[in-house]
Structure formats: C-alpha cells, structure tokens
Amino acid sequence: MSKNKALTSRSDDFSAWYNEVIARAELADHSPVRGCMVIRPNGYAIWEHMQQDLDRMFKDTGHENAYFPLFIPQSFLAKEAEHVEGFAPETAVVTHGGGKELEEPLVVRPTSETIIYAMFSKWIQSWRDLPVLMNQWANVVRWELRTRLFLRTTEFLWQEGHTAHATEAEAEEEALRMMGVYRTFMEESIAMPVITGLKSDSERFAGAVRTYAAEALMQDNKSLQAGTSHNLGQNFAKAFDTTFQTEAGGLDHVWSTSWGVSTRLIGGLIMTHSDDNGLVCPPRLARYQVVIVPIYRTDEQRAGVVEAAERIQLELRAAGIRVHLDTRDDMKPGAKYYEWEGRGTPFRIELGPRDLEAGTVVIAKRTGGKEPVPMEGLAANVNERLESLQRELFEAAHARREANSLRGATREQLREFIAGDGGFVYAGWCGSEQCEADIKADTKATIRVLPDEEFRSAEAPGTCVWCGKPSVAEAVWAKAY
RNA sequence: CGGGACGUGGCGCAGUCCGGUAGCGCACUGCAAUGGGGUUGCAGGGGUCGCGGGUUCAAAUCCCGCCGUCCCGACCA
C-alpha cells in the first residue's frame with residue numbers, strides 16, 4: 001500500500017535507501033530466521049524473468065537441466081582439500097533425522113560440485129559420454145556472518161552449471177563461453193554493464209584452477225561480483241575419481257567447469273538503476289512493463305474509460321507487452337502513480353475522458369517525462385519505448401561507470417580515489433599476494449578482476465601501482481560488496 | 001564473531017533519564033463528498049510495549065540473560 005514517507009536519499013545513506021527501495025517495491029522481506037529472506041511476488045517475478053532469459057541461453061548453448069539433492073554427505077565436502085577449507089566454515093549441518101542421530105552428518109549444500117561429480121563418475125565411462133553439459137536451478141545455504149537482502153542471505157536461489165569435458169582446452173573454452181553468456185545477459189536483460197576478467201588467486205573459487213568473474217559498479221561506487229565461471233581443471237575429477245576412457249584407449253580424468261549466478265543479481269539491478277523515488281526496473285525483467293491508470297469522475301466516464309483501457313490492455317498484450325490495468329476505485333490517480341513508481345514499473349499509461357475525446361493516451365516514463373500519444377498504433381509505440389528505455393538504462397549505467405573509473409593511477413591517486421568517491425581503478429600489478437594484501441589493508445580496495453583485453457587500458461601499465469616492480473597484468477581495484 | 005545503534009497496533013515514531021497501568025501520524029473499517037500527481041470530513045477497530053527471568057504494592061520504563069534488525073569491521077555469491 002502507498003506509504004507517506006519519502007525514501008532516504010542515496011546520497012544521505014545508501015544502505016538505508018537500498019533497504020527502503022526493497023520495502024517500498026515489496027520485493028522481499030526478512031524471515032523469522034536470521035539472515036533468510038522471503039522473496040515477495042514483485043521480487044520473484046523479476047527472478048522468474050531472469051530465469052527465463054538465462055535458461056533459454058543455457059539451452060541454446062547445449063546445456064540441459066537436472067536436479068541434485070539438497071543434502072550432501074559431510075565426507076564428500078572433504079574430498080577436495082581447498083574446497084572443504086573454503087566452504088566448511090559456512091555450512092549448515094543436519095545431525096538428526098526422524099528423531100535419531102545420523103551416522104554421518106549431512107551438509108546442506110553450499111554449492112553442489114561434490115555431489116554432482118560423485119554422480120558424474122557413475123555416468124561417465126567413455127570419451128563418447130563427453131561433454132556432459134548440465135545446469136540446475138536450486139537453493140543453497142551459506143552461513144554468512146553478515147547478511148543483506150538479495151546481496152548476501154543465508155539461503156539464496158541460483159543456478160549452477162556443471163560440465164565435464166575430455167580436454168583441458170574444451171573446459172577452458174566452456175568456462176569462457178559461459179562468462180560470455182552471463183555478460184550478454186547482464187548487459188541486455190539487466191541493462192547492467194560489467195567488466196569481465198580473471199580473478200586473482202586470493203579471490204579464486206575454492207577448488208578451481210581459474211575463476212572468471214563479471215563485476216558491476218553500483219551507484220555507491222562499490223563493485224558487485226555479479227557472476228562467476230570456474231575452470232576446475234581435474235581437481236574435482238581426481239577427488240571423485242571421475243575418469244573416462246580416451247579415444248586412444250587410455251584412462252584420464254575429466255576436465256570440468258562450474259558457473260553460477262544468484263538472486264544477488266536482483267540486488268545488482270536495484271543498485272544499478274533505482275533512484276530516490278524507488279525501484280527502477282529494466283523493461284526486460286519488469287513484472288509489469290506498463291500499468292494503465294484510468295481516470296474518471298462519474299460512473300458514465302468510468303464505464304467509457306475502463307472499456308477503452310481494457311481494449312488497450314488487450315492490444316498491448318497481443319503485442320507481447322506485460323501490462324496491468326489498475327482499476328482500483330478507492331485510490332486517486334495520483335496515489336496510484338506514486339505506488340507504481342515505487343515498484344519500478346517502466347511506463348504508465350494515463351487514460352481519462354480528455355484522452356478519449358482526443359483519441360490519445362498519456363504515456364509517462366518511470367525515469368521522467370510524460371506526453372500524449374495517439375491511440376492509433378499504440379502497441380508499436382510502446383514497444384519502441386520499452387526498447388529505448390532498456391538501452392537508455394544501460395547507457396546511463398555505462399556512462400556512470402566510466403565517469404567513476406580511473407586509469408593509469410599512481411599509488412597516491414589510487415589511495416585518494418578510493419578514499420574519495422570511489423570507483424574502479426585500473427593499474428599495474430606485480431602479481432604478488434603481498435601487494436594485493438597491502439593495498440587491501442591500506443585502502444580496503446581489492447582486485448576485482450584482471451580485465452579481459454577489451455576492458456584494458458590503451459597503454460598497458462609497466463609497473464605495479466604499489467611496489468613499482470614490473471607489472472604482470474593490469475588489474476581493476478575497487479571496494480566490493 | 002568484535003564495536004555501535006535500535007526493537008512500543010500493519011508501517012514510521014513519541015513515551016524510558018525521573019516506575020503509577022500506552023499515545024501520535026500514516027495505513028485499515030464504515031458513511032458522505034471528492035477524483036488529470038500522495039483527497040477531505042465525520043465515526044470506528046486494532047497493541048502479551050522483541051522473548052525469558054528478577055527487583056517492586058506497581059515495570060514499556062530499573063537489573064540480568066537471550067533473540068532479532070540495521071550500521072561499521074573481520075569472512076563471503
């Protein structure tokens with residue numbers, strides 16, 4: 001229902017603003033269990049649209065869906081040394097079932113590599129069985145110390161892709177391909193620009209050989225890790241003895257990958273686009289792309305206006321537009337405007353007696369501006385506007401990111417930039433964990449990625465921004481979520 | 001898990017210092033008018049004051065413990 005209080009502004013308190021946007025748009029709420037969230041219909045609709053877009057892209061690249069169990073024998077987690085070290089501290093463990101203590105405790109999956117490779121080893125015998133390209137949509141649990149709605153919750157929804165290949169090159173290709181899929185999805189569906197690249201060893205997934213990531217800059221100039229794709233080498237195959245007979249007749253361990261994105265993306269969407277009036281949702285993912293608000297005084301007017309609104313609703317639906325007609329009689333139009341604005345609905349169509357007479361409707365854009373447009377050809381008009389808003393949101397976010405990026409920084413500039421407004425700092429890195437740790441201790445910024453070629457600076461840095469020794473790669477530093 | 005703040009009808013808050021039996025705004029219900037950017041008026045309903053224990057004739061208020069939320073750290077999708 002409509003609230004009477006303005007949101008805290010982004011500049012006053014970004015965290016408070018973030019929480020208030022979620023509350024006003026009715027995206028999620030806290031559950032009675034610490035750190036867990038209830039995803040409400042307005043939030044879940046966004047997730048469903050994300051799922052639809054991603055699922056289609058996964059299938060278009062040859063993947064198939066399956067489902068693996070929630071419970072994993074505790075011993076499985078321990079089979080891969082780095083993996084258990086990384087995840088054991090944050091697992092929830094079931095020790096009792098049916099009133100009895102279990103012989104072996106069950107871990108509630110924090111991620112499913114272990115159970116999946118255990119199964120893969122049963123299913124894969126020959127090079128002819130490869131590649132295996134699998135995905136699952138699931139919930140996972142990680143006992144995080146500090147939680148925030150969507151960004152870090154104890155339980156969250158995600159997809160995890162798991163693939164097995166005959167060669168190292170194929171696995172590497174797959175890991176990069178899926179990073180590309182994520183990037184396309186983030187740019188085109190979420191309208192959220194990302195920088196893709198390789199993670200440093202300290203940020204690598206526990207058990208991976210290489211981790212690729214997509215990083216997005218939020219409106220508070222902190223970076224959000226939006227998705228990761230891992231080349232797991234033969235690490236899990238060796239731990240779970242996932243072997244196959246090669247074409248030449250030998251025996252080899254499979255080469256595998258895993259990749260995932262989560263409901264965290266909804267947090268990224270919020271912090272990329274929303275404003276001090278509430279949620280701004282990109283049209284591609286919006287529950288309703290258009291809301292029609294009829295305006296009338298008398299019963300006669302109401303009948304005419306609602307009839308016209310219903311006709312428009314059908315016309316837009318037929319054109320594939322997700323549209324809602326708000327016929328609530330107990331709310332004035334202005335109150336409805338505020339409510340739908342807070343919910344992030346991209347466009348509002350106002351339709352009153354004056355419009356009927358003129359053969360027009362008024363179209364108001366969530367990000368500002370409204371104008372009368374003819375009823376003739378409305379669906380095409382609206383579809384154009386939806387596409388153009390989708391582009392505008394991406395371009396605005398992209399421009400904001402570039403305006404808050406610093407290239408070729410010196411040590412002092414890095415410090416000042418991060419201590420000031422913040423953003424992405426591009427600079428040389430010597431490759432040592434010591435410099436990485438020192439920079440973190442000094443500035444709180446971490447290496448987000450060693451960016452892919454297209455994101456790198458025109459002039460490659462020659463020296464490490466911190467120690468001055470020769471640089472092995474350009475790195476992007478930022479404070480992160 | 002360390003530091004800080006907070007927890008009072010659905011939401012936002014006052015009352016807590018100085019103990020005396022709970023109040024305001026919004027929301028909600030009813031009626032009437034109103035209706036192109038948060039509509040008025042009148043009349044209503046709703047609260048074990050986060051939970052548990054203690055002190056007291058008496059606890060939202062004082063004391064102890066716990067739980068939760070938010071912020072800042074350390075850890076992380």
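Chain identifiers are assigned alphabetically (A, B, ...) following the order of the sequence lines, protein sequences preceding nucleic acid strands; residue numbering begins at 1 within each chain.
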Tell me the interatomic distance from E113(A), atom CD, to A77(B), atom P, rounded to whole angstroms. 12 Å
Using a 4.0 Å heavy-atom cut-off, does Q225(A) contact any base of the nucleic acid, only the sugar-phosphate backbone, or nothing at all? sugar-phosphate
Taking a pair as Watson-Crick or G-U wobble with both distances under 3.5 Å, which nucleotide is matched to G44(B)? C28(B)
Could you tell me how far U61(B) sits from A22(B) if I compare only their C1' atoms? Round to whole Å. 12 Å
Protein-nucleotide distance (E371(A), atom CD; G37(B), atom C1'), rounded to Å: 18 Å
How about CH2 on W143(A), more than 12 heavy atoms from neighbouring residues, nucleotides or ligands closer than 6.0 Å, or not? no
Less than 3.5 Å between a donor and an acceptor, one on the side chain of E341(A) and one on the base of G37(B), is that the case here? yes
Pairs: protein N or O with nucleotides 30-33 of chain B N or O, under 3.5 Å:
none

Are E203(A) and R448(A) ion-paired here, with the side-chain N under 4.0 Å from a carboxylate O? yes
I'd like to know whether the aromatic ring centres of H83(A) and F205(A) sit less than 6.0 Å apart in this structure. yes
What distance, rounded to whole Å, do you find between the two P atoms, one in G10(B) and one in C1(B)? 30 Å
Rounded to whole Å, please give me the gap between CG in D330(A) and P in U40(B). 16 Å
Presence of K332(A) side-chain N/O under 4.0 Å of U40(B) phosphate oxygens OP1/OP2: no
Rounding to a whole Å, what distance do you find between L7(A):CG and G38(B):C1'? 13 Å
Give the nucleotide from the list A77(B), G38(B), G36(B) with an atom nearest to the side chain of P333(A). G36(B)
Non-neighbouring partners of W17(A) that pass ring-ring contact (aromatic ring centres under 6.0 Å, His included), sequence neighbours left out: F14(A)
Take atom OH of Y481(A) and atom P of C75(B), then tell me their distance rounded to the nearest Å. 18 Å
For every nucleotide of nucleotides 68-73 of chain B, 5' to 3': is a protein heavy atom under 4.0 Å from its base (B), only from its sugar-phosphate (S), or from neither (-)? SSSSBB
R10(A)/D220(A) salt bridge by N-O under 4.0 Å criterion: no
Send over the distance from E339(A) CD to U39(B) P, rounded to a whole Å. 12 Å
Measure the acute angle between the ring planes of Y117(A) and F120(A), then classify it against the limits of 30° and 60° as parallel, tilted or perpendicular. perpendicular
Considering residues at least two apart in sequence or located in another chain, which fulfil the ring-ring contact (aromatic ring centres under 6.0 Å, His included) criterion with H165(A)? none
Under a 4.0 Å heavy-atom cutoff, the residues of residues 349-363 of chain A touching RNA chain B are E350(A), G352(A), P353(A), R354(A), D355(A), V362(A)
So, using ring-ring contact (aromatic ring centres under 6.0 Å, His included) as the criterion, who are the partners of Y426(A) when residues are at least two apart? none
With rounding to whole Å, what would you report as the distance between A14(B) and G73(B) at their P atoms? 26 Å
Of all residues at least two apart in sequence or in a different chain, which pass the side chain to side chain contact (heavy atoms under 4.5 Å, CB included) check with E433(A)? D201(A), E436(A)
Which pairs pass side-chain hydrogen bond (donor to acceptor under 3.5 Å, both in side chains) with one or both residues in residues 301-315 of chain A, sequence neighbours excluded? Y296(A)-R302(A), R302(A)-D329(A)
Output the rounded distance in Å from CH2 (W143(A)) to P (A77(B)). 18 Å
Please state the C1' separation for the pair C51(B) and A33(B) - nearest whole angstrom. 48 Å
What's the gap between U34(B) and C17(B) when it is taken at their C1' atoms, as a whole Å value? 48 Å
Can you tell me the distance, in whole Å, between the CG atom of L151(A) and the C1' atom of A77(B)? 10 Å
Position toward the 5' end of RNA chain B (nearest nucleotide), G334(A) or F150(A): G334(A)
On the six-membered ring of W340(A), is R287(A) placed so that its NZ or CZ lies under 6.0 angstrom from the centre and within 45° of the ring axis? no
Using centres under 5.5 Å plus planes under 30 degrees as the test, is F156(A) stacked with A77(B)? yes
Which part of the nucleic acid, if any, lies within reach of K440(A) when heavy atoms closer than 4.0 Å are counted: base, sugar-phosphate only, or nothing? sugar-phosphate
Report the residues that fulfil side chain to side chain contact (heavy atoms under 4.5 Å, CB included) with A191(A), sequence neighbours left out, ordered by chain and then residue number. H273(A), P282(A), Q390(A), L393(A), F394(A)
Whether the side chain of R302(A) and the base of G35(B) hold a donor-acceptor pair under 3.5 Å is what I'd like checked. no
Under 4.0 Å between any heavy atoms, over every strand shown, what does T446(A) touch: base, sugar-phosphate, or nothing? Just pick one. nothing
For L314(A), side chain to side chain contact (heavy atoms under 4.5 Å, CB included) partners two or more places apart: none
Just to verify, what does E392(A) make a side chain to side chain contact (heavy atoms under 4.5 Å, CB included) with, not counting sequence neighbours? K365(A), S388(A), L389(A)
Give, ordered by number, those residues of residues 293-301 of chain A having at least one heavy-atom distance below 4.0 Å to an atom of RNA chain B; if nothing qualifies, reply none. I295(A), Y296(A), R297(A)
Are any non-hydrogen side-chain atoms of H324(A) and V290(A) less than 4.5 angstrom apart? no
For nucleotides C70(B) and U55(B), find the distance between their P atoms and express it as a whole number of Å. 35 Å
Taking the six-membered ring where the residue is Trp, are the ring centres of F240(A) and F76(A) under 6.0 Å apart? yes
